[in-house]
Number of protein chains: 2
Amino acid sequence: MTDKLTGAAGREYVANAIRQALRAGDLVPGQRLVELDLAEAYRTTRGAVREALQDLAAEDIVEIVPRRGARIRAVSVEEAVQITECRSALEQLCARKAAGRASEEQRAELRRIGADMRQAVADGAWEVYSALNQRLHELVIEAGGQEVARRQLERLNGPMVRFQFRLALRPGRPAQSLPQHLAIIDAVAGADPEAAARAVAAHLDDVIEQLRASAPRA
Amino acid sequence: MTDKLTGAAGREYVANAIRQALRAGDLVPGQRLVELDLAEAYRTTRGAVREALQDLAAEDIVEIVPRRGARIRAVSVEEAVQITECRSALEQLCARKAAGRASEEQRAELRRIGADMRQAVADGAWEVYSALNQRLHELVIEAGGQEVARRQLERLNGPMVRFQFRLALRPGRPAQSLPQHLAIIDAVAGADPEAAARAVAAHLDDVIEQLRASAPRA
DNA sequence: GTCGAACATCTTGTCAACAATCTCGTTGAT
DNA sequence: ATCAACGAGATTGTTGACAAGATGTTCGAC
C-alpha cells in the first residue's frame, strides 16, 4: 500500500486513474498533466506515467505536444456530433447482426433489461437506469459478435465522457430516451434486423439533437 | 546519412519502415520483432524502436506480449471480414455526407477519377487503377468532412494491408470492381445520398465475398 | 506604465547501464 | 528413449542522471 506501484502495473493504474478523474470532473479540458506531479500523486515513476499518457493519447483523451507535455483534450460540440454519427453507423451494424444471431438467453436478458428500465424510470432511479443503459449497449455488441466494432466503439467513447455527463443531467431525459431504448430491445429481441438498425439510428439522431441543443457555445 | 536517426524522429521513421516492410511482404505474420535488431537495422536506439512498436500495437499491426516482445499480428479471414463490415458502415456514412455537401470542384474531381479509372482498366494499368482507387476513397471521406470517421478508417486499414495485397492480385478483379466504383462516383457526384450509401455497401459486400472466397484456410 | 531582453526555473526528451525474465539447448536420471 | 531439471545466452523491463527546450519573471530602457 505504501509501496510504489511500479512499471507496467503503474502504467495501467495511472491511465485508469486519469480516466476516472475525468469522469468525476476532477480534470477539465485543457488542464496540464505534468509527469512528475502525476508520478508523485499516484506513487509511481515518471516512466510509468509517460507510457500511461501515450495510451491516453492513442485514445484521444489527452493531447501530447512535443516538449510541452500533455493536456486533457477539449472536444468541440461539432466533434461530439461526428463521434456520435460514427457510433450510430457502427451500432447499427451491431444491432443488425445481433437481431440475426442473438441466443435465446441474450434475447431474454434484453427483455429483462427493458422491463427493469421501465421500472427504473418510474421510480426515478437515475443510477440504475444509467447502468441498465450501459448494459444494453454492451449486450447488443456482444450478441452481434462484432469484436472489431466493439474495439472501435470503445475508442470513440473515450473523449465523450464529459458530454455524456452533461446529457444525462438534463431533466426528463430518461423519460425521453426510454421508448427509444425499448424500440431497440423489441427489434433485436424480435429478430428484425432492419427495424433494429432503424431504432438505433433514431435513438442516436435524438442524442445528436440533444448535443447540439445542450451547448450553443464552442 | 551515416548518422543515427535518434529519438522522436527515429520513432516515426521506424514505424513507417515496418509498415512499409509489411506492405512489401518482407515481414510475415507471427514474425518476431527484436528491439535491438531493429535498432541496428534502422540506425536508431532501442528507445525509439520501443516507442515505434507501441504505436504499431495501438494500430493493431503488431502484438506485444509482456516480457516476450512484439510480433506481427496475424489477421484471420473472419476478422478481415469484420473489419470490412466496419469500414462499410463508416464509409456509407461518409458517402452519404459527401453526396450532400461536396463542393463543385470535388464533384468534378470525382468524375475525372471515374473517367481515368475506365481508361486504366481498358489499358490494363493496375498500378494506376490502384492509386485512383485510393484517391477515390480519400476524396469521399474528405468531401464528407468526417474527420472522426477518417481517423477510424485509418486504424481499420492498418492490419488489412496483407489482405488487400492478395485481393488485388486476383485476375479480373479491376474489371469487376470498376462498375461498383463508378456507381459510387455517380451517386456522390449526383448528390444522391441514399444511392451513395447503397453503392458503397454493395461494393464492400462484394469485397467481403472475395475475402471469404480467397482464403478457405484459417 | 509598457515593452522587450536576459535570466532562472520548470518540464520533457534521451540515453546507457543494470535487473528481471524468458528461451532453448544440455545433461543426467529413470 | 523420454523427461525433467538446470544453466547459459538472449531479450525485454526499469531506473536514474543528464541534456535540451519551454515558461515565466525580473529588470531596464523608453
Side-chain angles (χ1 to χ4, degrees), chain A residues 1-19 21-22 26-74, chain B residues 1-19 21-22 26-74:
Chain A
M1 179 82 129
T2 127
D3 282 78
K4 274 195 176 186
L5 206 43
T6 175
R11 176 179 181 162
E12 192 156 345
Y13 177 70
V14 173
N16 279 329
I18 292 177
R19 276 186 274 258
L22 194 66
D26 296 336
L27 292 173
V28 297
Q31 183 160 346
R32 266 189 87 183
L33 299 172
V34 176
E35 296 177 359
L36 202 57
D37 293 352
L38 294 173
E40 266 176 42
Y42 298 121
R43 300 278 161 64
T44 333
T45 63
R46 243 186 83 205
V49 170
R50 214 177 157 68
E51 299 198 312
L53 290 175
Q54 296 285 333
D55 290 349
L56 295 171
E59 289 177 50
D60 284 331
I61 290 174
V62 309
E63 190 182 19
I64 294 178
V65 3
R67 291 273 173 209
R68 291 221 211 152
R71 20 186 94 233
I72 302 285
R73 201 164 76 83
Chain B
M1 182 77 131
T2 129
D3 281 78
K4 275 195 177 185
L5 205 43
T6 174
R11 176 179 182 165
E12 192 155 346
Y13 176 69
V14 173
N16 279 330
I18 292 176
R19 275 186 275 257
L22 194 66
D26 296 335
L27 293 173
V28 298
Q31 184 158 347
R32 268 190 85 183
L33 299 171
V34 176
E35 296 177 0
L36 203 58
D37 293 352
L38 294 173
E40 263 175 45
Y42 298 121
R43 301 278 161 67
T44 334
T45 62
R46 243 186 84 208
V49 171
R50 212 177 159 69
E51 299 199 311
L53 289 175
Q54 295 287 332
D55 290 349
L56 293 172
E59 289 176 49
D60 284 330
I61 291 173
V62 309
E63 191 181 18
I64 295 178
V65 1
R67 293 273 173 208
R68 290 218 209 156
R71 17 187 95 233
I72 302 286
R73 200 163 76 84

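In this text, all values refer to a predicted model and were calculated from it rather than measured experimentally. Order of the sequence lines fixes the chain letters, A, B, ..., with proteins taken first and strands second; residue numbering starts at 1 for each chain.
Nucleic acid contact for Ile64(A): none, since no nucleic acid atom lies under 4.0 Å from a heavy atom of the residue. Counting non-hydrogen atoms under 4.0 angstrom, Gly47(B) reaches nothing in the nucleic acid. At a threshold of 4.0 angstrom between heavy atoms, the contacts of Leu33(A) are confined to the sugar-phosphate backbone, with no base atom among them.
Using a 4.5 Å heavy-atom threshold, the side chains of Leu56(A) and Leu33(A) count as separate.
Side chain of Arg73(B) to backbone of Asp60(B): a donor-acceptor contact under 3.5 angstrom is found.
For Glu63(A), the side chain to side chain donor-acceptor pair (under 3.5 Å) test picks out no residue, with sequence neighbours left out.
Asp37(A) has its CG atom 10 Å from the C1' atom of dT11(C), to the nearest Å. The distance between atom CD of Glu12(B) and atom P of dT14(C), rounded to the nearest whole Å, is 13 Å. If you take CD of Glu51(A) and P of dT14(C), they are 14 Å apart, rounded to a whole angstrom. Atom pair Leu53(A):CG and dT12(C):P shows a separation of 9 Å (rounding to whole Å applied). The distance from atom CZ of Arg43(A) to atom C1' of dT15(D) is 19 Å, rounded to the nearest whole Å.
Contact between the side-chain N/O atoms of Thr45(A) and the OP1/OP2 oxygens of dT15(D) is found at a separation under 4.0 Å. For Arg50(B), a side-chain nitrogen or oxygen approaches OP1 or OP2 of dG13(D) to under 4.0 Å.
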Produce a footprint string for nucleotides 5-10 of chain C: one letter per nucleotide, 5' end first; B if the base is under 4.0 Å from any protein heavy atom, S if only the sugar-phosphate is, - if neither.
------
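Here Gln54(B) contributes atom CD and Glu51(A) contributes atom CD; the two are 5.5 Å apart, rounded to the nearest 0.5 Å.
Both Ala9(A) and Arg46(A) lie near DNA chain D, and the one whose nearest nucleotide falls closer to the 5' end is Ala9(A). If you find the closest nucleotide of DNA chain D to Arg67(A) and to Glu35(B), the one lying nearer the 5' end belongs to Glu35(B).
For Val34(B), the listed nucleotide lying nearest its side chain is dT11(D); candidates were dG13(C), dG13(D), dT11(D).
Ala48(B) approaches Gly10(B) most closely through the heavy-atom pair CB-C, 4.2 Å. Scanning both residues, Ile64(B) and Ala57(B), for their nearest heavy atoms gives CD1-CB, 3.9 Å. Here the shortest heavy-atom pairing between Asp26(B) and Gln31(B) reads O-OE1, 4.1 Å. Minimum heavy-atom separation, Arg71(B) to Gly30(B): NH1-O, 2.8 Å.
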Check against side chain to side chain contact (heavy atoms under 4.5 Å, CB included), Asn16(B) and Arg19(B)
CA-CA 5 Å; Asn16(B) 279 330; Arg19(B) 275 186 275 257; 3.2 Å; yes
Hey, what are the protein-to-nucleotides 23-25 of chain D N/O distances that come in under 3.5 Å?
| from | atom 1 | to | atom 2 | distance (Å) |
| --- | --- | --- | --- | --- |
| dT23(D) | OP1 | Arg68(A) | NE | 3.0 |
| dT23(D) | OP1 | Arg68(A) | NH1 | 3.3 |

